[in-house]
Amino acid sequence: MTPPMRTLETIIRILRILFAMPLVVGTVCVPAAFAASNPSSAAAAPSDHDPIEPFNRAIFWFNDHVDMYVLEPVAKGYDAITPKRVQQCLTNFFLNLRFPIVAVNDLLQAKFVPTASDVGRFTVNTTVGLAGFFDPASDWGLEQHDEDFGQTLGYWGVPAGPFLMLPLWGPSNIRDTVGLAGDSAAAVYPWFIPFYYSGGARVVSTVNGRAQVLKEVSEVREASVDYYVAVRNAYSQHRDELINDRAGMSQQEQEDLYSVDTNGGN
């Protein structure tokens with residue numbers, strides 16, 4: 001995997017995996033596939049999956065300006081006073097809170113081994129990892145998974161539908177937007193924790209996640225010929241990789257997988 005691809009995939013993973021991060025995703029879910037090739041190829045990509053592009057571009061413009069003039073300045077101030085180790089501990093904590101969503105969707109996709117791994121991760125990180133602020137489970141070989149209800153629908157063949165840019169949330173599609181409702185129900189803790197506490201946690205997770213990718217986002221924004229197209233194409237590709245369990249694979253591993261598929265699994 002090339003360095004730009006690795007960097008941009010990291011941005012997507014950090015910002016998309018944190019539960020309920022409404023502000024950042026639309027402006028920072030950057031174009032992994034786009035960066036791996038060249039700018040003109042992304043700008044020339046077909047938009048037949050984006051029939052309401054003018055509407056989506058208007059929402060994207062709004063999200064991007066919220067990020068540039070509100071979230072990014074706050075994240076810069078936060079980054080200046082918060083040690084990187086503390087930022088990583090907070091990321092670990094919010095990832096740990098996603099356990100119910102991930103585990104439920106593992107089960108819905110009949111992925112029983114990952115379900116067991118995720119139960120083990122949650123148990124270890126919640127206890128030994130001090131409520132999830134530390135991640136000893138990774139050192140113990142318990143792999144982190146990224147599952148949600150939108151992926152579950154895609155896993156069972158539900159089509160993505162048209163691309164959709166959501167206000168203050170970011171890139172999505174009809175299938176993944178429906179999936180947000182399922183994830184909200186599976187999260188569990190909002191049902192028992194007052195809104196002002198969970199809302200405050202969401203703000204912290206948003207600012208913390210944004211602070212971790214300040215430089216990378218700025219570089220991608222400047223390098224993109226059409227930032228909207230780059231984000232749209234990156235989102236679509238990344239979701240496809242997640243549904244097909246290819247996220248995190250190197251280019252050669254993905255090519256080998258495609259080779260296996262085209263030869264009937266032999």
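If you're wondering where the values come from, they're calculated on a predicted model, not measured in any experiment. Worth knowing before you read on, the calculation uses all heavy atoms, side chains too, and leaves out hydrogens, waters and symmetry mates.
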query: Would Asp118 and Gln144 satisfy side-chain hydrogen bond (donor to acceptor under 3.5 Å, both in side chains), going step by step from the backbone distance to the final call?
result: CA-CA 7 Å; Asp118 289 324; Gln144 176 183 303; over 6 Å; no

- prompt: Between Phe55 and Met165, which heavy-atom pair has the shortest distance, and what is it?
  reply: CE2-O, 4.3 Å

- prompt: Is it the case that one hydrophobic cluster holds both Phe133 and Val207, taking links as side-chain heavy atoms less than 4.5 Å apart, direct or via other members?
  reply: yes

field: N/O donor-acceptor pair under 3.5 Å between Asn92 side chain and Gly132 backbone
entry: no

- request: Just grab all the side-chain hydrogen bond (donor to acceptor under 3.5 Å, both in side chains) pairs involving residues 128-137, residues at least two apart or on different chains.
  value: Arg121-Asp135, Asn125-Asp135, Asp135-Ser138

- prompt: Counting heavy atoms not belonging to Lys84, are there more than 12 under 6.0 Å from its NZ?
  reply: yes

Reported CG-to-NE2 distance for the pair Asn173 and His49, which is rounded to 0.5 angstrom: 9.5 Å

field: Under-4.0 Å salt bridge between Arg232 and Asp226
entry: no

- prompt: Would a distance-only check, ignoring hydrogens and angles, find a side-chain to backbone donor-acceptor pair under 3.5 Å from Asp106 to Lys111?
  reply: no

Minimal non-hydrogen separation, Ser224 against Ala230, with atom names: OG-CB, 4.1 Å

- request: Using the ring-ring contact (aromatic ring centres under 6.0 Å, His included) rule, pick out the option among Trp61, Phe62, Phe60 that qualifies with Tyr228.
  value: Phe60

- request: Look at the side chain of Ser117 and the backbone N and O of Val113, then say whether any donor-acceptor pair between them is shorter than 3.5 Å.
  value: no

task: Heavy atoms only: give me the nearest Phe134-Cys89 pair and the separation to one decimal.
output: CE2-SG, 3.8 Å

Minimum-distance pair of heavy atoms, taken over all atoms of Tyr78 and Ala211: CD2-CB, 3.6 Å

message: For Ile101 versus Asp148, what's the shortest heavy-atom pair and its separation?
response: CG2-CA, 4.2 Å

message: Membership question, hydrophobic clusters at under 4.5 Å side-chain separation (ILVMFWY): are Val128 and Leu142 in the same one?
response: yes

Donor-acceptor under 3.5 Å (Ser218 side chain, Lys215 main chain): no

- prompt: So do the side chains of Glu147 and Asp245 get within less than 4.5 Å of each other, counting heavy atoms only?
  reply: yes

task: Decide yes or no for Val119 and Phe99: does some side-chain heavy atom of the first lie under 4.5 Å from some side-chain heavy atom of the second?
output: yes

message: For the CG atom of Leu164 and the CD1 atom of Ile174, what is their distance to the nearest 0.5 Å?
response: 5.0 Å

task: Measure the acute angle between the ring planes of Tyr235 and Phe163, then classify it against the limits of 30° and 60° as parallel, tilted or perpendicular.
output: perpendicular

query: What's the shortest heavy-atom distance between Ile243 and Gly154, and which atoms?
result: CG2-C, 3.8 Å

field: ILVMFWY network linking Leu214 to Tyr227, side-chain heavy atoms under 4.5 angstrom
entry: no

task: Would you please test Asn244 and Asp240 for side-chain hydrogen bond (donor to acceptor under 3.5 Å, both in side chains) and show each step?
output: CA-CA 6 Å; Asn244 292 283; Asp240 180 67; 3.1 Å; yes

query: Has the side chain of Asp67 got a donor or acceptor atom that lies under 3.5 Å from a matching backbone atom of Asn63?
result: no

task: Compute whether any side-chain donor of one residue and acceptor of the other, for Gln151 and Asp176, lie under 3.5 angstrom apart.
output: no

query: Do Thr152 and Gln109 have side-chain atoms, one donor and one acceptor, less than 3.5 Å apart?
result: yes

query: Are Val86 and Leu97 co-members of a hydrophobic cluster defined by side-chain heavy atoms under 4.5 Å apart?
result: yes

- prompt: Can we say Asp50 and Arg57 salt-bridge, meaning some charged N sits less than 4.0 Å from an Asp/Glu carboxylate O?
  reply: no

- prompt: Salt bridge between Arg221 and Asp64, side-chain N to carboxylate O under 4.0 Å?
  reply: yes

- request: For Trp156 and Leu108, indicate whether the former's side chain and the latter's backbone hold a donor-acceptor pair under 3.5 Å.
  value: yes

- prompt: Between Arg175 and Leu153, is there a donor-acceptor pair closer than 3.5 Å when you use the side chain of the first and the backbone of the second?
  reply: no

